[in-house]
Amino acid sequence: MTTADPALRAIECKLDEGISLSLEDGLTLFRTSDIHTLGRLAKTAKERKSRNEVYYVLNRYINSTNVCYANCTFCSFSRGEKDVDRVRMSADQVVAKALETGTNFNQLHIVGGHDPRQLSLDYWLPLMRRFKEQLPHVQLSLFTAAEIDYMARRHRLSYDEIVAQLAEAGLDNVNGGGAEVFSERFRREVCPNKVDAAHWLEIHETLHRHGVASNATMLYGTIETLEERLEHLIMLRESQRRSPGYNAFIPLAFHPDGNALSHHGWTSGLDDIRMFAVSRLMLDNFDHIKAYWMIQGIKVCQLALEFGADDMDGTHGSTDEEMIYHSAGTRSGQYVDDREFRRLIEEAGYVPVRRNSTYQTFPHDWKPEDGMPERALAGAGAV
Ligand code: SF4
């Protein structure tokens, strides 16, 4: 196989020998003009991990509140108490929304702002137990580490204590948000009121020790340097070594509408593709790299399958109303039919595999057991 950039040959040797790449290797990968070799290396690394498979999940996505006072400058989603477009769902509304389009899904994905009137154990523990009772086939993928840090401080609990309670109530997975970029410089300028990097990592490592899986993200495309992106990836790799339990890494492209960092504009297709490839190659102890169609758009995400990604995330429900990226200008819709996922994955030459949050797999036409939909809907007061 020819390699136009000779600097990539040494990196390929390291990859073949199973040696983790250094920050300098990562810079070479980000800066190479040999995008085809970069793709080939990342695709080979993906196939070592997940062979010819690419994953997706039938899920429901809910933003249960957009009230937040953390004032992150990249955020277009948060609202104050008096804003007319503030959203704060009651527990009954969350259940009704989750069941609005039926019960044939395997993951419930909920994130929200740091809302003092909703983000508490008094609200969430009974709601989680209710979901587990009514929808035992659905994994709960709730919160980010930033939300767990907020709740822990609010209840004056240690991370160990709060995670134990959340795990006992049925938490299966914690979402990867809130990581942004771990650099202190970045966090001081962009999100000074949010959990810092050390505590974000400590929360995820605590979750893993309690048997709760998690994902990790990075927000790219604003003030961060390439070195800071790579330091972030290396910190995640080290965290996975200390306390394994991360399933997927999800690169999140910055969206510029309606926030204080709008002048950075949109990320480019090439930056997106490089980000997927470099993530795959740097994170040698992460099983999955996710190309989330809502973030980079479904066409770029299909292309990302050639650059190391092996997951396209979830369908969402056909009436779901994602607000975080839609407030910031995403041109993606709200929902993708699972047949479309399978078509795109097969066209890329891979086998589509339906999964849940923890990557247990299902036949594409799997359904909950007979009677489950009626029981769950009756429990929600929807029939
Ligand atoms: S990014 Fe999250 S924590 Fe920051 S302001 Fe927005 S909702 Fe709040």
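As the structure lists them, so they are numbered: ligands from 1, and atoms in each ligand from 1. As a basis for the values below, the full set of heavy atoms in this structure was taken, side chains included, without hydrogen atoms, waters or symmetry mates. What you are looking at is a predicted structure, and each value in this text was computed from that prediction instead of being measured.
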Enquirer: For ligand 1, which atoms, with element, lie under 4.0 Å from some heavy atom of His114?
Expert: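 Selected atoms, number and element: 3 (S).
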
Enquirer: Among protein heavy atoms, which sits nearest to atom 2 (Fe) of ligand 1, and what does the distance come to when rounded to 0.1 Å?
Expert: Lys194 NZ, 4.0 Å

Enquirer: Should you measure from each heavy atom of Asn71, which atoms of ligand 1 turn up under 4.0 Å away?
Expert: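 That gives atoms 5 (S) of ligand 1.
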
Enquirer: Less than 6.0 angstrom from the centroid, inside 45 degrees of the normal: does Arg331 satisfy that with respect to the ring of Trp266?
Expert: yes

Enquirer: Pairing donors with acceptors under 3.5 angstrom, does anything connect the side chains of Tyr159 and Asp149?
Expert: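 The answer is yes; a qualifying pair exists.
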
Enquirer: Report, as yes or no, whether the 6.0 Å neighbourhood of atom NE2 on His155 holds more than 12 heavy atoms from other residues, nucleotides or ligands.
Expert: yes

Enquirer: Please work out whether any backbone atom (N, CA, C, O) or any side-chain heavy atom from C-beta onward of Ile324 is under 4.0 Å from ligand 1, and answer side chain, backbone, both or neither.
Expert: neither

Enquirer: For Phe77, take its heavy atoms, then give the atoms of ligand 1 lying under 4.0 Å from any of them.
Expert: 7 (S)

Enquirer: What protein heavy atom sits nearest atom 6 (Fe) of ligand 1, and how far away is it?
Expert: Cys75 SG, 2.4 Å

Enquirer: Are the side chain of Glu224 and the backbone N or O of Gly221 linked by a donor-acceptor pair below 3.5 Å?
Expert: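 Here the side-chain-to-backbone pair exists.
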
Enquirer: Mind checking whether Phe74 contacts ligand 1 via backbone (N, CA, C, O), side chain (CB onward), both or neither, at a 4.0 Å heavy-atom cut-off?
Expert: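 Only the side chain of Phe74 comes within reach of ligand 1.
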
Enquirer: Could you find the nearest protein heavy atom to atom 8 (Fe) of ligand 1 and give me its residue, atom name and distance?
Expert: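 The protein heavy atom lying closest is Cys68 SG, 2.3 Å.
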
Enquirer: So, the side chain of Asn59 versus the backbone of Thr315: is there a donor-acceptor pair under 3.5 Å, distance only?
Expert: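 Looks like yes, one N/O pair under 3.5 Å.
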
Enquirer: Report whether any nitrogen, oxygen or sulfur of Cys72 sits less than 2.8 Å from atom 6 (Fe) of ligand 1 (N, O or S, backbone or side chain).
Expert: no

Enquirer: If you count heavy atoms of other groups shown closer than 6.0 angstrom to CZ of Arg9, is the number above 12?
Expert: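 Check passes, neighbour count above 12.
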
Enquirer: Given the ring of Phe307, does Lys46 sit roughly above its face, with NZ or CZ under 6.0 Å from the centre of the six-membered ring and within 45° of the axis?
Expert: no

